[in-house]
Amino acid sequence: MQIDSKPIMTKNLVIVESPAKAKTIEKFLGKDYTVRSSFGHIRDLDKGDNAIDIANGFKPNYIVSPDKTKVVAELKKLAKESEMVWLASDEDREGEAISWHLFEVLGLKEENTKRIVFHEITKPAIENAIKNPRKIDKALVDAQQARRILDRLVGFELSPVLWKKVKPSLSAGRVQSVAVRLIVEREREVNQFNSVSDYRITAEFTKIGSNKPIKAELPQRYKTEQEALNFLKAASESNFTISNIEVKPAQRKAAAPFTTSTLQQEASRKLGYPVAKTMLLAQKLYEAGHITYMRTDSVNLSQTAISGAAAEINRAYGSQYSAPRNYTTKNASAQEAHEAIRPTYFENHTAGAEPQEVRLYELIWKRSIASQMANAELERTVVDINVSKANQTMRAEGEIIKFDGFLKVYLEGKDEEDEDEDAGLLPPLSQGEQLNLNQMVSEQKFSRPAPRYTEASLVKKLEELGIGRPSTYAPTISTVQKRGYVIKDNREGTPRNYQTALLKNGEIKVKTATENTGVEKSKLFPTDIGTLVTDFLNEHFGDIMDYSFTANVEKEFDEIAQGMISWTKMIDGFYKPFHKDVDKTLANAERVKGERIIGIDPESGKQISGRIGRYGPLVQIGDSEDEDKKFASLRAGQSLETLTLEQALDLFKLPRTIGEYQNLKVTAAIGRFGPYIKYGTMFASIPKDKDIFEINMEDAVEIIEAKIKSEAEKLIRSFPEDENLEILKGRWGPYIAHKKNNYKLPKDAAVDTLTYAQVMEIVSSQAKPSDKKGSKIAAESKVKPKAKAKAKAKAKAKSKK
DNA sequence: CAGTGAGCGAGCTTCCGCTTGACTT
């Protein structure tokens with residue numbers, strides 16, 4: 001048998017950014033074209049201090065990114081073998097720069113290089129692009145260089161200021177610092193919010209001879225309870241007559257198809273996914289060919305998509321539901337290099353490998369299909385009901401759907417639940433008709449502050465401000481949390497009384513009811529360090545913290561892209577005053593610790609103050625010179641800014657001695673993992689339903705005995721050869737414990753029969769680095785991720801078998 | 001896993017935006 005092993009000389013090499021895209025396009029282009037991917041940017045500024053030669057016109061020093069050397073080598077080889085290289089990176093600022101870097105690094109020549117662009121992955125779009133090549137747009141590349149260099153200058157000059165003036169390892173940047181600022185300011189708004197209340201009157205009427213309720217509301221609200229009660233009193237003596245009926249047709253329009261930002265918001269509202277989860281699932285759907293590219297700021301749909309959706313709508317719902325159209329992007333900062341996020345094949349109502357993917361796919365399918373469906377036709381009815389003795393009019397609203405249109409498949413979610421429920425159906429009514437009053441209610445309503453941000457609503461806000469890009473929303477959210485500036489948290493809320501009054505059968509009953517206020521779930525809260533850093537940056541670098549800073553520099557980037565100014569000039573204009581501020585701050589600013597005087601300790605008469613210490617926020621009794629000064633850490637969820645004297649004093653009540661149990665001291669305290677009981681050398685967490693300040697000996701013994709029991713069940717194996725070696729039962733199954741370090745057992749390990757040598761083999765194969773800090777260790781720790789990845793991959797490979 | 005809180009002062013940290021695969025039989 002003979003195999004044709006002649007090397008294929010490619011005529012054309014096409015380079016795109018994403019490998020999934022490369023696969024699709026290769027199919028469209030046929031055998032004369034080899035399509036490869038650059039996997040995004042291939043070069044970046046060097047890591048260290050010599051990345052930008054500031055004195056020499058900000059000359060950038062680019063190096064091929066370490067994880068791209070292989071890709072670059074392969075592309076270089078293919079480029080050499082090709083007659084023509086087509087640079088097909090995205091049509092936006094970053095994409096243009098990717099093409100330029102490829103041109104430079106691959107050593108391409110102008111005569112056999114062409115730059116092409118397309119916004120959608122369809123055969124006609126690609127063929128059209130091939131017919132209309134152009135040259136690399138150097139002005140657009142320069143705009144990207146300016147963007148890149150500005151971000152590096154800001155990030156790498158501001159961060160060291162924070163290391164010196166606040167705390168080591170902190171970071172600041174054009175995007176992240178503003179994101180934190182939004183959260184800090186929202187938190188202050190919430191904490192300083194003065195809730196005011198008013199009284200809302202609602203009623204339930206019935207038609208004479210019917211018992212179907214008609215809900216109505218008094219359009220105005222009363223400031224005082226007395227006014228509300230007066231109204232109820234008058235109503236109790238009133239007739240209720242329909243004074244006016246207004247029927248109006250109305251329409252509802254579908255929302256535009258998804259962009260990255262709106263997908264993240266809707267997946268958060270409807271499916272409860274954090275933004276990173278949404279992106280991971282979308283990536284999988286994209287790689288499997290189910291959806292178009294998931295990082296986009298455009299609501300545009302290709303002609304192929306519009307006709308595909310129309311065909312599916314006609315087939316599944318009928319032609320009266322079809323209303324093909326395109327949407328225009330409102331966001332000024334959008335670069336629109338891609339289509340909106342949509343299913344690749346509209347005939348697939350469902351797709352995805354696992355349940356979470358399926359749910360996300362279905363959301364995308366519904367949203368995209370709905371965007372191509374007819375408006376919903378409604379009929380809104382507003383009925384005015386005269387309350388005779390009060391000389392006031394109550395209002396009932398009804399809505400009927402004459403034609404459901406897009407509502408058949410999809411309705412966009414809301415960030416905040418409205419107080420008013422959706423208007424329901426009203427029975428046929430006529431002017432002058434009398435109604436019976438079933439009941440009337442007055443309720444005290446409190447105003448609410450602006451809601452704290454969720455991950456998704458923060459993305460929405462950032463997008464509105466033009467800060468960040470679709471590819472960075474999710475990473476930014478996780479960066480600010482990783483740096484400890486922000487935490488995603490829940491709050492239980494506090495009970496609050498409100499007044500109600502019920503008028504029924506001519507009688508008014510007044511009652512005080514209780515509601516829970518301030519409940520939060522998965523909301524973003526600033527930490528004390530986040531607040532401190534924000535205040536510091538605001539004071540010294542107000543320009544960069546300004547919400548319109550990005551929008552302003554974007555204008556200048558656009559001018560560079562249009563060839564109106566040179567990028568070095570623009571950067572110079574920015575850098576001179578900025579760097580002056582950096583120097584000034586380094587020279588003059590005090591080191592900040594977030595100090596705040598909270599009050600006086602009633603026992604000792606000494607001052608109680610709070611600040612950020614080496615290990616986080618703390619309170620202290622006595623000033624720094626005091627020899628008997630005492631310290632206590634703040635608890636999770638507390639903040640320096642809002643801590644009361646009472647809360648501070650509570651912190652000093654711990655550790656608290658409860659008593660003795662079997663000759664060993666029992667104390668209660670709060671540690672890194674919450675409240676715990678210490679018994680001898682043993683620690684046991686206090687369950688959530690028990691208060692650490694009130695827990696007694698009986699509770700403590702119960703907790704201790706439970707812990708002893710679970711400890712006894714924890715030990716699976718021990719080894720006579722080494723008393724430091726044990727196999728234990730943990731939350732995720734058996735694991736090896738050796739000299740204070742834990743090691744993973746391979747999934748297929750025979751736990752009951754492993755020999756000492758076998759276990760030690762596993763231990764040494766997962767060697768742990770020392771946790772001490774130092775220069776020597778730092779060098780070692782560079783090796784660590786590799787070793788870790790190795791062990792991980794091994795375990796993965798094994799578990800597959 | 002369950003402390004500590006100052007100061008030795010080496011060597012480290014850090015940005016935003018584009019994209020996924022992860023060491024070797």
Side-chain angles (χ1 to χ4, degrees), chain A residues 16-22 37-45 47-49 51 65 67-68 70-71 89-90 92-95 97-98 101 144 147-163 167-177 280 283 286-287 293 295 335 337 467-473 475-476 479 483 550 593 611-620 624 629-633 655 667 669-678 681-685 740 742 773-779 781-782 785-794 796-797:
Chain A
V16 297
E17 291 183 34
S18 147
K21 212 186 212 178
S37 141
S38 73
F39 295 84
H41 273 297
I42 53 155
R43 271 205 311 191
D44 192 14
L45 291 172
K47 276 174 62 161
D49 291 335
S65 310
D67 56 333
K68 296 292 165 59
K70 267 175 114 172
V71 181
S89 49
D90 297 344
D92 57 17
R93 198 164 63 204
E94 297 296 325
I98 289 174
H101 282 300
Q144 192 274 347
R147 197 282 303 158
R148 179 68 192 91
I149 285 161
L150 179 128
D151 280 337
R152 169 60 67 85
L153 290 170
V154 170
F156 277 37
E157 297 217 359
L158 279 191
S159 299
V161 175
L162 295 180
W163 304 342
K167 206 178 123 171
S169 299
L170 294 175
S171 67
R174 174 177 57 85
V175 173
Q176 58 168 287
S177 297
L280 188 78
Q283 176 88 29
Y286 167 66
E287 284 170 12
Y293 197 57
R295 291 188 272 265
Q335 307 208 3
I467 299 172
R469 303 280 311 133
S471 68
T472 60
Y473 294 138
T476 300
T479 299
R483 296 270 174 272
T550 290
K593 293 174 183 166
R611 67 183 162 90
I612 292 180
R614 254 211 297 178
Y615 307 102
L618 61 88
V619 280
Q620 116 182 27
S624 51
K629 61 179 183 265
K630 285 197 282 188
F631 298 100
S633 293
T667 55
I670 292 167
R672 232 187 344 146
F673 308 100
Y676 65 89
I677 294 227
K678 193 172 174 195
T681 54
M682 193 188 85
F683 296 89
S685 291
K740 298 218 162 190
N742 296 336
K773 280 190 183 156
S775 57
K776 222 177 141 190
I777 312 298
S781 74
K782 277 193 176 155
K786 265 193 179 170
K788 233 179 169 177
K790 210 170 181 173
K792 216 174 162 186
K794 245 184 199 169
K796 217 177 174 182

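In the text below, chain A, chain B and the rest are named by the order of the sequence lines, each starting its count at 1.
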Report the distance from atom CZ of A/Arg295 to atom CD of A/Gln283, rounding to the nearest 0.5 Å. 5.0 Å
Under 4.0 Å: is that the gap between some side-chain N or O of A/Tyr473 and OP1 or OP2 of B/dG17? no
Identify whether any heavy atom of A/Tyr286 sits under 4.0 Å from a base atom; if not, whether one sits that close to sugar-phosphate; answer base, sugar-phosphate or nothing. sugar-phosphate
Under 4.0 Å, heavy atoms only, any strand: does A/Ala669 hit a base, just the sugar-phosphate, or nothing? nothing
Quick one: label A/Ser18 by what it contacts on the DNA or RNA (base, sugar-phosphate, nothing), any heavy atom closer than 4.0 Å. sugar-phosphate
Answer with base, sugar-phosphate or nothing: what part of the nucleic acid does A/Arg611 contact at a heavy-atom distance below 4.0 Å? sugar-phosphate
Do A/Arg469 and A/Gln335 have side-chain heavy atoms sitting under 4.5 Å apart? yes
Donor-acceptor contact below 3.5 Å, side chain A/Ser65 vs main chain A/Asp67: no
Hey, does A/Arg174 reach any base, or is it just sugar-phosphate, or nothing, if we go heavy atoms under 4.0 Å? sugar-phosphate
Output all residues satisfying side chain to side chain contact (heavy atoms under 4.5 Å, CB included) with A/Ser169, sequence neighbours left out; order by chain, then residue number. none
Here the pair of heavy atoms bringing A/Ala172 nearest to A/Leu158 is CB-CB, 3.8 Å
Could you give the distance separating B/dT25 and B/dG21 at their P atoms, to the nearest angstrom? 22 Å
With heavy atoms under 4.0 Å as the rule, sort A/Ser169 into base, sugar-phosphate or nothing. base
note: A/Leu153, atom CG; B/dG17, atom C1'; distance rounded to Å ~ 16 Å
Just call it for A/Ser633: base, sugar-phosphate, or nothing, with non-hydrogen atoms closer than 4.0 Å on any strand. base
Could you give the CZ-to-C1' distance, from A/Phe156 to B/dC12, as a whole number of Å? 13 Å
Quick one: A/Lys68 NZ to B/dT19 P, roughly how many Å, whole number? 10 Å
Has A/Ser471 got a side-chain N or O lying under 4.0 Å from the OP1 or OP2 atom of B/dG17? no
For A/Ile42 and B/dT20, give me the distance from atom CD1 to atom C1', rounded to whole Å. 15 Å
Give a yes/no on whether any side-chain N or O of A/Gln176 is located under 4.0 angstrom from OP1 or OP2 of B/dC15. yes
For the side chain of A/Tyr615, counting heavy atoms from C-beta on, which of B/dT4, B/dC16, B/dG17 is nearest? B/dT4
For A/Val154, which contact category applies under a 4.0 Å heavy-atom criterion: base, sugar-phosphate, or nothing? nothing
Remember a base hit wins even if backbone is also touched, and classify A/Pro160 as base, sugar-phosphate or nothing at under 4.0 Å, heavy atoms. base
Can you name the closest pair of heavy atoms from A/Glu17 and A/Gly95 and give their distance? OE2-CA, 3.5 Å
Dot-bracket for DNA chain B, 5' to 3', counting Watson-Crick or G-U wobble pairs under 3.5 Å, with [ ] for crossing pairs and | for inter-strand pairs? .........................
Please state whether the phosphate of B/dG3, meaning OP1 or OP2, lies under 4.0 angstrom from any side-chain nitrogen or oxygen of A/Tyr676. yes
Let me spell it out: for each of A/Leu618 and A/Lys167, pick the nucleotide of DNA chain B with the closest heavy atom. Which residue's pick is nearer the 5' end? A/Leu618
Have a look at A/Gly40 and say if it touches a base, only the backbone sugar-phosphate, or nothing, with a 4.0 Å heavy-atom cut-off. base
Check this one for me: any side-chain N or O of A/Thr472 less than 4.0 Å away from OP1 or OP2 of B/dG17? yes
Set of residues satisfying ring-ring contact (aromatic ring centres under 6.0 Å, His included) with respect to A/Phe156, sequence neighbours excluded: none
A/Ile149 CD1 - B/dG17 C1' separation (whole Å): 14 Å
Within this structure, what is the CD1-to-P distance between A/Ile612 and B/dA6, rounded to whole angstrom? 13 Å
Whole angstrom value for the distance that separates C1' of B/dG5 from NZ of A/Lys630: 15 Å
Side-chain touch A/Ser171/A/Gln176, heavy atoms, less than 4.5 angstrom: yes
Considering every strand and a 4.0 Å limit on heavy-atom distances, what is the contact class for A/Gln283: base, sugar-phosphate, or nothing? sugar-phosphate
Distance (rounded to the nearest 0.5 Å) between A/His41 NE2 and A/His101 NE2: 6.5 Å
So, OP1 or OP2 of B/dC18: does either fall under 4.0 Å of a side-chain N or O from A/Arg469? yes
Report yes if a donor N or O on one partner sits less than 3.5 Å from an acceptor N or O on the other, where the partners are the side chain of A/Arg614 and the base of B/dG7; otherwise report no. yes
Examine the base of B/dC16 for any acceptor or donor lying under 3.5 Å from a partner atom in the side chain of A/Arg152, and report the outcome as yes or no. no
Base, sugar-phosphate alone, or nothing: which one does A/Asp67 contact when heavy atoms must sit under 4.0 Å apart? nothing
As a test of reading the structure: which of B/dC16, B/dT19, B/dG21 is closest to the side chain of A/Glu17, going by heavy atoms? B/dT19
Sugar-phosphate, base or nothing in reach of A/Gly616, heavy atoms under 4.0 Å: base
Between P of B/dA2 and CE of A/Met682, the distance in whole Å: 15 Å
For A/Gly468 and A/Val175, which heavy atoms make the closest approach, and how far apart are they? N-CG2, 4.1 Å
For B/dC15, take OP1 and OP2 only and decide whether either is under 4.0 Å from a side-chain N or O of A/Arg483. yes
Do any side-chain nitrogens or oxygens of A/Arg295 fall under 4.0 Å of OP1 or OP2 in B/dT20? yes
